[in-house]
There are 2 protein chains.
Amino acid sequence: MLTIRDIAAKAGVSVSTASRALNNNPRISQATRERIQKLAAAEGYLPNYNAKNLTAGEANAVGVVFPTTAHTVPENPFYIDLLRGINAQLVQRHYVLSVAISATADELLKNVQSMVAQGKIKRFILFYAHEDDPIADYLRQQHLRFVTIGQPDQQHNDLFVDNDNLQAGIGGATFLLDQLHVKHPVFVESDHDWAYEHQRREGYARVAARFNVNPLTCKLGELNRVRAFIKRHPEIDGIMATDDFNGIEFYRLLRETVAVNHFPIVSFNRSLPAGLTDADLHSVDLFPEKMGNAATVLLFSDREPLATPTPGQIRIPYAIG
Amino acid sequence: MLTIRDIAAKAGVSVSTASRALNNNPRISQATRERIQKLAAAEGYLPNYNAKNLTAGEANAVGVVFPTTAHTVPENPFYIDLLRGINAQLVQRHYVLSVAISATADELLKNVQSMVAQGKIKRFILFYAHEDDPIADYLRQQHLRFVTIGQPDQQHNDLFVDNDNLQAGIGGATFLLDQLHVKHPVFVESDHDWAYEHQRREGYARVAARFNVNPLTCKLGELNRVRAFIKRHPEIDGIMATDDFNGIEFYRLLRETVAVNHFPIVSFNRSLPAGLTDADLHSVDLFPEKMGNAATVLLFSDREPLATPTPGQIRIPYAIG
DNA sequence: AAAAATTCTGCAAACCGTTGCACAAGGGCT
DNA sequence: AGCCCTTGTGCAACGGTTTGCAGAATTTTT
């Protein structure tokens with residue numbers, strides 16, 4: 001194993017000079033610095049991060065915390081893309097991505113605490129934004145840096161990255177009404193009252209108003225209630241859903257009564273392969289990978305100031321595909 | 001920050017004694033060991049893993065490598081469950097889960113190499129089993145321990161965990177023919193020729209033979225070919241698919257010609273929420289979380305011998321839900 | 001030419017554990 | 001009493017890197 005001592009010896013300098021040269025310390029002359037860096041690169045020297053971490057008192061790792069319950073099945077592909085985006089940023093910084101994932105909140109907290117206490121991990125990304133979250137509380141109390149995915153509790157002003165759900169709602173609805181020529185849309189949401197659903201609905205409502213169209217809305221849940229709703233609204237000729245699953249579920253119920261085909265649906269966050277439905281399914285792409293990127297950049301913004309000054313939050317735009 | 005020196009001082013012993021006591025070294029008397037462990041626990045002492053790793057020359061981390069292509073959407077929920085299973089085992093061992101995930105094979109390899117060289121990670125789990133995989137080659141060449149999820153290349157005898165796909169195929173087919181009383185089943189698979197699909201098909205074929213039923217099979221792909229297939233086989237009264245997506249896609253095409261309802265489908269690895277289809281959808285559960293558990297146990301089997309001797313591979317049974 | 005200021009480099013300690021080796025204490029044996 | 005063996009403990013070095021401080025070398029100033 002090649003150590004910094006070997007490099008120092010080959011370069012004919014002391015270990016401390018080598019160390020400083022490799023870390024671009026301005027106290028080492030430009031010439032020496034370059035010479036040593038070239039040498040190190042040529043020899044294939046790579047620093048031992050365990051040693052680095054020991055002296056730094058901080059690990060070169062970012063903790064990524066998954067929500068406890070997998071309930072949110074629809075979000076799964078989203079998580080993977082987030083991981084991609086985050087890791088792409090981390091490798092550049094010679095950081096490693098460590099995940100905390102557990103069945104219960106208790107275990108999860110222990111997992112995170114151990115990362116902090118034993119592993120000296122000082123930076124985290126939370127894959128959820130809950131109110132009164134014990135993990136977030138703990139991190140705040142320890143004065144550790146973290147970014148949440150999704151807009152968190154307003155009262156602490158934590159760092160977060162979120163979609164611009166309002167704009168995405170506006171964009172999706174405009175596409176549905178304008179491009180797909182839908183006259184009698186229905187907005188379909190889950191029965192969870194999630195914040196992002198409200199925001200998307202608000203966007204939809206605004207566009208509906210602009211197009212002079214009735215902003216019909218249906219919340220999923222008890223099937224017969226939904227069926228009754230559909231019976232009452234035979235005029236529906238297009239669906240805007242908060243995600244693919246909700247959209248397709250509503251469509252299935254709709255087709256129990258009316259024989260339609262190639263029916264226009266606009267949803268968010270494409271999470272299903274084509275070919276699963278004969279609907280004319282469009283999706284507002286929310287770029288989870290970009291969210292991962294942005295979250296990481298924000299997480300390191302204490303060291304590496306952001307290009308554009310931002311107030312501790314980033315909103316990712318959307319696109320329709 | 002509480003260090004081992006503090007504990008040693010409070011206990012009135014030397015640092016080395018404290019270290020040995022905490023690591024259950026038999027050279028320290030039972031009495032002293034217990035006394036020091038109690039004290040450490042009471043004081044809330046937690047060892048610094050960066051220091052431990054430095055002396056050990058190995059990090060307390062397992063690298064989890066995702067396949068490059070995200071396209072494999074169907075498998076996503078599976079990955080999350082795997083992570084769960086793995087992490088549950090790791091926390092017990094005071095290990096951390098580090099992921100490597102990248103868009104391109106090149107970057108992924110670099111990612112892994114950096115984990116090894118800089119991070120001193122010595123154990124890996126691969127979330128795929130490809131032939132001639134550069135990552136696996138690299139790990140073998142470095143004599144590092146790794147376990148693949150799914151049965152790998154036979155010629156190297158790597159460690160792996162896989163489903164018992166043959167048995168699962170038998171189980172699923174039996175359920176379809178016996179419980180759901182299907183007389184004219186069709187086995188639907190993707191056009192990727194994946195190994196697990198062959199194995200499941202083999203199970204299906206055996207059961208078909210036993211039930212004296214024609215082992216009809218259809219490979220997805222070009223839609224009109226599939227439609228023609230369906231036209232030729234109006235007798236089909238049940239589907240066995242290699243995953244939910246394939247099953248539902250075939251079902252959709254089927255319904256273009258025949259108006260069926262509550263149609264029996266048996267697939268594998270439930271990855272869709274109910275409510276998306278009106279088919280009578282059953283799934284053979286392959287317990288990805290258990291696979292994660294097993295993979296981890298296998299990964300550490302050099303230190304912690306397995307309860308039941310196994311030949312470097314574990315097969316996870318299935319259940320039908 | 002000498003002094004001062006500036007720039008560059010090296011020594012050694014520090015980070016926090018583990019571990020080889022030596023030594024001390026205690027017991028049993030002849 | 002003297003010796004050996006066993007058991008328990010401590011000293012000090014080690015792992016690979018960073019960094020405060022001091023000293024050497026070079027340049028600038030007077």
Side-chain angles (χ1 to χ4, degrees), chain A residues 1-37 39-40 43-61 94-96 114 116-122 303, chain B residues 1-37 39-40 43-61 94-96 114 116-122 303:
Chain A
M1 197 59 315
L2 210 50
T3 78
I4 199 171
R5 275 169 234 279
D6 301 319
I7 299 301
K10 299 215 189 204
V13 298
S14 76
V15 183
S16 42
T17 302
S19 170
R20 287 193 251 256
L22 292 172
N23 291 302
N24 279 314
N25 185 314
R27 287 182 46 194
I28 302 297
S29 68
Q30 181 74 20
T32 323
R33 248 191 286 170
E34 284 182 3
R35 184 167 63 85
I36 297 184
Q37 290 181 4
L39 179 68
E43 299 279 331
Y45 165 73
L46 292 173
N48 178 333
Y49 268 85
N50 288 323
K52 267 183 118 92
N53 292 342
L54 176 58
T55 61
E58 170 172 0
N60 64 327
H94 298 284
Y95 263 64
V96 152
S114 143
V116 172
Q118 327 227 91
K120 308 293 175 201
I121 296 183
K122 298 261 159 85
R303 294 181 174 173
Chain B
M1 197 62 312
L2 211 50
T3 78
I4 199 172
R5 278 167 230 277
D6 300 321
I7 299 301
K10 298 216 188 201
V13 297
S14 75
V15 183
S16 44
T17 302
S19 170
R20 286 192 251 256
L22 293 173
N23 291 301
N24 279 313
N25 185 314
R27 286 182 47 196
I28 302 298
S29 68
Q30 181 75 18
T32 321
R33 249 191 286 171
E34 284 182 3
R35 184 168 63 85
I36 297 184
Q37 291 181 3
L39 179 66
E43 299 279 330
Y45 165 73
L46 293 172
N48 178 334
Y49 269 84
N50 288 323
K52 269 184 117 94
N53 291 343
L54 177 58
T55 61
E58 170 172 359
N60 64 326
H94 298 283
Y95 262 63
V96 152
S114 144
V116 172
Q118 327 227 88
K120 308 294 176 204
I121 297 183
K122 298 262 160 86
R303 295 182 173 171

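Protein chains get the first letters and strands the later ones, always in sequence-line order, with residue 1 at the start of each.
In this structure, Ile28(B) places its CD1 atom 18 Å from P of dT6(D), rounding to the nearest Å. Atom CD1 in Ile36(A) sits roughly 10 Å away from atom C1' in dT9(C) (whole-Å rounding). If you measure from atom CD of Gln118(A) to atom C1' of dC16(C), you get 13 Å, rounded to the nearest angstrom. At whole-Å resolution of the value, CD in Glu34(B) and P in dG8(D) are 13 Å apart. One can place CZ of Arg33(B) at 13 Å from P of dT7(D), the figure rounded to the nearest angstrom. With rounding to whole Å, Arg5(A) atom CZ is found 13 Å from dA12(C) atom P. In this structure, the CE atom of Met1(A) is 17 Å from the C1' atom of dC14(D), given to the nearest Å. Residue Lys120(A) contributes atom NZ, which lies 8 Å from atom P of dG17(C) at whole-angstrom precision.
Note on Thr32(A): a side-chain N or O is less than 4.0 Å away from OP1 or OP2 of dT9(C). The side chain of Thr55(A) contributes no N or O atom lying less than 4.0 Å from OP1 or OP2 of dT18(D). Residue Asn50(A) has no polar side-chain atom (N or O) positioned under 4.0 Å from OP1 or OP2 of dT17(D). Here Lys52(A) does not reach the OP1 or OP2 of dG16(D): none of its side-chain N or O atoms lies under 4.0 Å away. Considering only side-chain N and O atoms, Asn53(A) lies nowhere under 4.0 angstrom from the phosphate OP1 or OP2 of dT17(D). In this model, the phosphate group of dT18(D) is approached by a side-chain N or O of Ser19(A) to a distance below 4.0 Å at OP1 or OP2. Look at Thr17(A) and you won't find any side-chain N or O under 4.0 angstrom from OP1 or OP2 of dT9(C).
Of all heavy-atom pairs spanning Glu58(B) and Asn50(A), the tightest one is C-ND2, 4.4 Å. Minimum interatomic distance between Ile121(A) and Ala61(A) (heavy atoms only, all atoms of both residues): CG2-O, 3.4 Å.
Among the protein residues, Asn23(A) comes within range of the sugar-phosphate backbone only, with heavy atoms under 4.0 Å from sugar or phosphate atoms but none that close to a base. Tyr49(A) comes within 4.0 angstrom of no nucleic acid atom, judged by non-hydrogen atoms across all strands.
Comparing dT9(C), dG17(C), dA12(D) by their nearest atom to the side chain of Ser16(B) picks out dA12(D). Listed nucleotides: dG17(C), dT17(D), dG10(C). Nearest to the side chain of Asn48(B): dG17(C). Nearest nucleotide to the side chain of Val15(B), out of dG16(D), dT18(C), dT18(D): dT18(C).
Closest-nucleotide positions on DNA chain D for Arg27(A) and Thr3(A) were compared, and the one nearer the 5' end corresponds to Thr3(A).
When atom types are taken as modelled, the side chain of Asn23(B) and the backbone of Asn25(B) share no donor-acceptor pair closer than 3.5 angstrom. The closest donor-acceptor contact from the side chain of Gln118(B) to the backbone of Leu46(A) lies at 3.5 Å or more, if one exists at all. Using a distance-only test at 3.5 Å, with no hydrogens or angles considered, a donor-acceptor pair links the side chain of Lys122(B) to the main chain of Gly57(B).
For the pair Leu2(B)/Glu43(B), a side-chain contact is recorded, criterion being any heavy-atom separation below 4.5 Å from C-beta on.
Applying the 3.5 Å distance criterion, the base of dG20(C) shares a donor-acceptor pair with the side chain of Arg20(B).
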